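All residue numbers refer to positions in the sequence shown, counting from 1. If you're wondering where the values come from, they're calculated on a predicted model, not measured in any experiment.
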Amino acid sequence: MSDLISIVMPSYNTAEYIEASIRSILAQTYTDWELIIVDDCSTDDTDSIVARFDDARIKYLKNEKNSGAAISRNRGLREAKGRWIAFLDSDDIWVPNKLEKQLRFMKENNYAFTYTDYMIQLNGEWLPYVYTGPKVVNKRKMYNYCYFSTITVMYDRERIGLVQIANIRKNNDYAMWLQIIEKSPCYRLPECMSYYIKHDNSISSGSKAKLIKWHYLLFRKALNKNCVVSAILTANNMFHGVIKKIIYKQRVSEELLQELREKKL
């Protein structure tokens, strides 16, 4: 149990992508893991695709009714048996040594909360950047902006404890980090270990006005801030979001982009 990594994967109508996500876990060089898939009443072929994988480390749970990603993640976290918690959404991918390198990074430095760099594939096209972040994200920086993607995170449940997040439709992962940051800073492993496969149906897609609304509701509902404080925090968040897009990315070579295209992820 001490080195078991529990991977929490909420799913909803991602039959087109979930097989590649699961295969990227099966390809990990670190093998002491369990994958907890919590399906939120998908209406596509997710059930039959997951059923193809005959591996005792994969646990497939189904919600009784469609409840949203927050409820699914909470259920997965309650079911987790491992000391170490990681997240992979059902349409994203890890590089093969992601778990091995990140766990080593945490144990060697006695870190309880870490993240890695990542790249984005948008509607089948790779964006020419590696997305990075601060070396250390403390509480102040975490309130300023969510500098990392959910699929890059790993934390030590022994030191953080059981995390359960507010039932909000979007930004529920950000709400989780705002809980965890109360117990530990988050440290960056400066390597690209995750691929965020973003498409028009991604839950993070939406207009700028809707994104602002969901950030406001994060502070208002999930963190129980009053209206004025929530508005100030939302404005601050939008400002630092612009800064992140300017500072925290590194352009990659055309050779790397071509290599990724040939892999057809």
Side-chain angles (χ1 to χ4, degrees), residues 85-89 91-95 97-99 101-106 109 111-123 125-155 170-199 202-208 210-212 214-216 218-219 222-223 232-257 259-260 265:
I85 305 294
F87 301 88
L88 185 63
D89 288 345
D91 50 0
D92 297 322
I93 292 172
W94 284 337
V95 301
N97 59 354
K98 193 263 190 187
L99 293 180
K101 280 200 168 185
Q102 193 165 10
L103 182 58
R104 184 187 306 125
F105 176 68
M106 295 180 72
N109 294 284
Y111 293 153
F113 185 22
T114 65
Y115 74 101
T116 76
D117 297 344
Y118 63 98
M119 288 186 68
I120 296 175
Q121 184 193 86
L122 177 59
N123 291 327
E125 294 293 329
W126 288 99
L127 303 187
Y129 302 102
V130 170
Y131 292 85
T132 67
K135 183 178 180 180
V136 182
V137 179
N138 57 22
K139 182 177 177 179
R140 176 181 59 81
K141 288 182 179 178
M142 192 75 258
Y143 270 85
N144 284 344
Y145 199 71
C146 184
Y147 286 98
F148 43 80
S149 171
T150 302
I151 64 173
T152 71
V153 169
M154 186 185 294
Y155 69 82
K170 294 189 179 182
N171 284 334
N172 50 79
D173 49 352
Y174 193 0
M176 182 161 42
W177 315 144
L178 288 167
Q179 279 192 50
I180 296 174
I181 207 71
E182 297 287 342
K183 297 185 177 181
S184 170
C186 191
Y187 297 89
R188 175 188 171 216
L189 170 57
E191 294 187 44
C192 181
M193 314 242 67
S194 307
Y195 298 138
Y196 177 14
I197 312 300
K198 191 174 181 181
H199 42 89
S202 296
I203 193 169
S204 56
S205 300
S207 68
K208 295 295 183 184
K210 287 183 178 179
L211 291 176
I212 292 171
W214 289 114
H215 276 79
Y216 174 82
L218 163 70
F219 298 114
L223 300 182
I232 292 171
L233 289 172
T234 299
N236 181 63
N237 203 270
M238 295 298 104
F239 171 76
H240 284 91
V242 173
I243 300 300
K244 178 187 186 297
K245 290 179 181 178
I246 297 171
I247 296 177
Y248 293 113
K249 63 182 182 182
Q250 300 170 354
R251 195 168 187 93
V252 300
S253 66
E254 181 57 36
E255 289 78 10
L256 175 57
L257 290 174
E259 181 181 334
L260 290 171
L265 298 178

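Residues passing the salt bridge (Lys or Arg N to Asp or Glu O under 4.0 Å) test with E254 are R261, sequence neighbours excluded. Evaluation of the side chain to side chain contact (heavy atoms under 4.5 Å, CB included) rule for T152 yields Y115, T116, Y118, F148, S149, S194 as partners, not counting sequence neighbours. Take Y216 and apply the side-chain hydrogen bond (donor to acceptor under 3.5 Å, both in side chains) test, not counting sequence neighbours, and it matches no residue. Residues passing the side chain to side chain contact (heavy atoms under 4.5 Å, CB included) test with Y248 are T132, P134, Y147, K244, sequence neighbours excluded. Remark: I243 engages F239, I247 in a side chain to side chain contact (heavy atoms under 4.5 Å, CB included) (not counting sequence neighbours). Every residue meeting the side-chain hydrogen bond (donor to acceptor under 3.5 Å, both in side chains) condition with E191, not counting sequence neighbours, appears here in chain and number order: K101. Residues passing the side-chain hydrogen bond (donor to acceptor under 3.5 Å, both in side chains) test with N237, sequence neighbours excluded: Y174, H215. For A175, the side chain to side chain contact (heavy atoms under 4.5 Å, CB included) partners are I168, L218, A222, not counting sequence neighbours. With sequence neighbours excluded, no residue satisfies side-chain hydrogen bond (donor to acceptor under 3.5 Å, both in side chains) with D92.
The ring of Y111 has its center closer than 6.0 angstrom to the ring center of F105.
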What donor-acceptor contacts under 3.5 angstrom involve side-chain atoms of residues 139-146, with partners at least two apart or in another chain?
from, atom 1, to, atom 2, distance (Å)
K139, NZ, E182, OE1, 3.3
K139, NZ, E182, OE2, 3.2
N144, OD1, N236, ND2, 2.8

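L127 and M119 make their closest contact through O-CE, 3.6 Å (heavy atoms, listed as atom of the first residue, atom of the second, distance). The two residues L88 and I93 have their closest heavy-atom pair at CD1-N, 3.9 Å. Pairing each heavy atom of P185 with each of V136, the nearest pair is CB-CG1, 3.9 Å.
The stretch residues 232-242 participates, sequence neighbours left out, in no salt bridge (charged side-chain N to carboxylate O under 4.0 Å, His left out) pair at all. For residues 126-138, no pair satisfies salt bridge (charged side-chain N to carboxylate O under 4.0 Å, His left out), with sequence neighbours left out.
For the pair K249 and Y131, the NZ or CZ position fails the cation-pi test of under 6.0 Å to the six-membered ring centre and within 45 degrees of the ring normal.
Of the possible polar contacts, one joining the W94 side chain to the I151 backbone as a donor-acceptor pair under 3.5 Å is found.
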Problem - salt bridge (Lys or Arg N to Asp or Glu O under 4.0 Å) between D117 and R188, worked out - result: CA-CA 8 Å; D117 297 344; R188 175 188 171 216; 2.8 Å; yes
